[in-house]
Number of protein chains: 2
Amino acid sequence: MSGRKKTHFAILGLLSWQPMSGYDIKKMVEIGISHFWNENYGNLYPTLDQLVQDGFATKTEDASSGKRKRYVYEITPEGQNEFMRWVQEPTSAPVVRNEMQLKFFLASRLPTRINLKNIQSYQAQQLQQLAEYRSSETILRAALEEKEFPKEIEPLLNAGHVRLSRKQKHRQLKVLLLSLRHGILAIEARIQWCKEVIEVLPD
Amino acid sequence: MSGRKKTHFAILGLLSWQPMSGYDIKKMVEIGISHFWNENYGNLYPTLDQLVQDGFATKTEDASSGKRKRYVYEITPEGQNEFMRWVQEPTSAPVVRNEMQLKFFLASRLPTRINLKNIQSYQAQQLQQLAEYRSSETILRAALEEKEFPKEIEPLLNAGHVRLSRKQKHRQLKVLLLSLRHGILAIEARIQWCKEVIEVLPD
DNA sequence: TCAGACATGTAAGTCGTTACATGATTCA
DNA sequence: TGAATCATGTAACGACTTACATGTCTGA
């Protein structure tokens, strides 16, 4: 495990695509990968400065005429190496702490209806989430078949000035869809669990 | 959301079963629920003291003759209320941060084989985990049918002096099995995802 | 003209982990 | 007798979150 924090690598990875500002990074995370990743400014800006100090990125004021102050970060060759190293190094399993499961376990000596009620609202929550993912999936699939191209995902395909080739866009969309697929499968598993529990818990 | 930290409630919940020492709590978490919860001493002992200060638990030196110093914590009625409140209050979805998914996404513009290699080792990791869960499942199921009763799970059925009735043990084992089932379904979903990705990524 | 998006940052706090420190008891 | 387990704790750090603070630009 590298001693560095994850935000460090997340930023580096995004900068490896193209130069961006802190604000751009935040937006990109929100729009594209919020179902498995998040960043917040309180962490983002200090980490960007750290990256510059460590020589993994450079900071330049973007002084396009008529635009407000804006700093664009660009990855350095050292940063690229650092990123490549991280991508290829083994990923440690995340520390698990599932509050829902904890409740289920701890409440097992309480009346069954309490547990049942919790499971039901968990299930409802998951079903809602599933619906949202499915609709995102539909949008992405349509984009892949080039029926239409929703502007919400634009920033993921070219944040800044660089434009992706048709082939690159296609690939990018495919990865986005596969990421989403992970979320969908995970949710379906949880819903399945709820079903099973609701069935067998009362006896 | 309650403003309190989760360790606070985890401890309270375990104490709601029976009085225990910090060491007992740690053991119980490790043996029984480590696949969805963890605690460490650095957090455990200070939180126990906090619980006492807040009037949710009492601390008593257990001076059984010939035994070394040991503090046993017991939940108070206020603690019980606090626990019951938490169990019944809505559970907020955990903040997601999946490093594996992040790598998959960020590396999408790199050569496919890098991503493929990562997915494969992720899959191997999950398969191993699955095997472990399945063997735990077998043990618990055997215990449920009273074919045998492994001593590893004893602490979960009576940590301390209190003994559960036959019926209570049965119920407890069932909950343990269902918790494990959640882990198994989640892992199977991840393995399924790996299979799908390995199939479609190369084109 | 004013709401909403653009844009950058700091301070304080929470939560949790790791490493360290210490010593008693049990059992092979 | 010595390794494993029992048992309690602290200090320092690391990672991330929340709330606050400030101001600009754009388009309806």
Side-chain angles (χ1 to χ4, degrees), chain A residues 1-11 20-31 34 37-52 59-73 92-99 102 151-152 154-155 159-160, chain B residues 1-11 20-31 34 37-52 59-73 92-99 102 151-152 154-155 159-160:
Chain A
M1 224 177 320
S2 50
R4 288 181 191 281
K5 49 187 181 174
K6 322 234 181 207
T7 295
H8 172 96
F9 295 107
I11 293 176
M20 273 185 276
S21 71
Y23 192 84
D24 291 341
I25 291 173
K26 176 78 162 107
K27 275 284 108 81
M28 201 178 256
V29 168
E30 273 171 10
I31 294 167
S34 57
W37 202 259
N38 68 83
E39 287 299 345
N40 56 293
Y41 291 125
N43 206 6
L44 206 45
Y45 285 114
T47 305
L48 275 166
D49 282 344
Q50 192 58 53
L51 245 26
V52 173
K59 180 180 188 174
T60 318
E61 189 169 343
D62 177 9
S64 312
S65 60
K67 289 233 170 124
R68 69 177 252 51
K69 188 182 72 169
R70 183 170 179 275
Y71 299 104
V72 173
Y73 296 83
S92 54
V95 177
V96 287
R97 268 194 139 184
N98 184 330
E99 195 175 356
L102 183 68
K151 76 167 206 298
E152 305 101 85
E154 267 296 310
Chain B
M1 224 175 320
S2 50
R4 289 182 189 283
K5 49 185 179 176
K6 322 234 185 221
T7 295
H8 172 95
F9 295 107
I11 294 175
M20 275 185 274
S21 71
Y23 192 84
D24 291 341
I25 291 172
K26 177 77 162 109
K27 275 283 109 79
M28 201 177 259
V29 168
E30 273 172 10
I31 294 166
S34 57
W37 203 257
N38 68 84
E39 288 298 345
N40 55 291
Y41 291 126
N43 205 4
L44 206 45
Y45 284 115
T47 305
L48 276 166
D49 282 344
Q50 192 58 51
L51 247 25
V52 173
K59 179 180 189 174
T60 318
E61 189 168 344
D62 177 9
S64 310
S65 60
K67 291 235 170 123
R68 68 178 253 48
K69 187 182 72 168
R70 182 171 181 274
Y71 298 105
V72 173
Y73 296 83
S92 54
V95 177
V96 288
R97 266 192 144 187
N98 185 329
E99 195 175 356
L102 183 67
K151 77 166 205 300
E152 304 103 84
E154 267 295 310

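As the structure is a prediction and not an experimental result, all values here were calculated from the model. In what follows, chains are A, B, ... by sequence order, proteins preceding strands, each numbered from 1.
Here the nucleotide nearest the side chain of B/Y45, chosen from C/dA7, D/dT8, C/dC15, is D/dT8. Across D/dT8, D/dT17, C/dC6, the shortest atom-to-atom separation from the side chain of A/N38 is found for D/dT17. For B/T7, taking side-chain heavy atoms from C-beta onward, the closest of the listed nucleotides D/dT8, C/dG9, C/dG16 is C/dG16. Of the candidate nucleotides C/dG16, C/dG9, D/dA7, C/dG16 has the atom lying nearest to any side-chain atom of B/N43.
One atom, CG of B/L102, and another, C1' of D/dA15, lie 15 Å apart when rounded to the nearest Å. Distance, B/Y23 OH to D/dT5 C1': 5 Å, rounded to whole Å. As rounded to whole Å, 15 Å separates atom P of C/dG16 from atom CZ of B/R97. In this structure, A/Q50 places its CD atom 11 Å from P of D/dG14, rounding to the nearest Å. Atom CG in A/D24 sits about 13 Å away from atom P in C/dG9, given to the nearest Å. Separating the NZ atom of B/K27 from the P atom of D/dA7 is a distance of 9 Å, rounded to the nearest angstrom. Per the geometry, NZ belonging to B/K6 stands 15 Å off P belonging to D/dC16, to the nearest Å. Rounded to whole Å, the distance from CG on B/N40 to C1' on C/dA19 is 12 Å.
Nucleic acid contact class of B/K26 (heavy atoms, under 4.0 Å, all strands): none. Residue-level contact check: A/Y41 touches the bases, meaning some heavy atom is under 4.0 Å from a base atom. At a threshold of 4.0 angstrom between heavy atoms, the contacts of A/D49 with the nucleic acid are absent. A/G42 comes within contact range of at least one nucleobase, with a heavy-atom separation under 4.0 Å.
Looking at A/K26, its side chain never comes within 3.5 Å of a backbone N or O of A/N40 through a donor-acceptor pair. Judged purely by atom type and a 3.5 angstrom limit, A/R70 has no side-chain atom pairing as donor or acceptor with the backbone of A/E61. Proximity of a side-chain donor or acceptor of B/N38 to a complementary backbone N or O of A/V96 within less than 3.5 Å is detected.
With A/Y73 as the aromatic partner, A/K59 does not meet the cation-pi criteria of under 6.0 angstrom to the ring centre and within 45 degrees of the ring axis.
Phosphate proximity of D/dG9 to B/K59: present, with a side-chain N or O under 4.0 Å from OP1 or OP2. Put simply, A/S21 has no side-chain N or O that comes within less than 4.0 Å of OP1 or OP2 on C/dC6.
Comparing B/Y73 and B/V95 by the nucleotide of DNA chain D that holds the closest heavy atom to each, the one mapping nearer the 5' end is B/Y73.
A distance of 4.0 Å separates CD1 of B/I11 from CG of B/L48, quoted to the nearest 0.5 Å.
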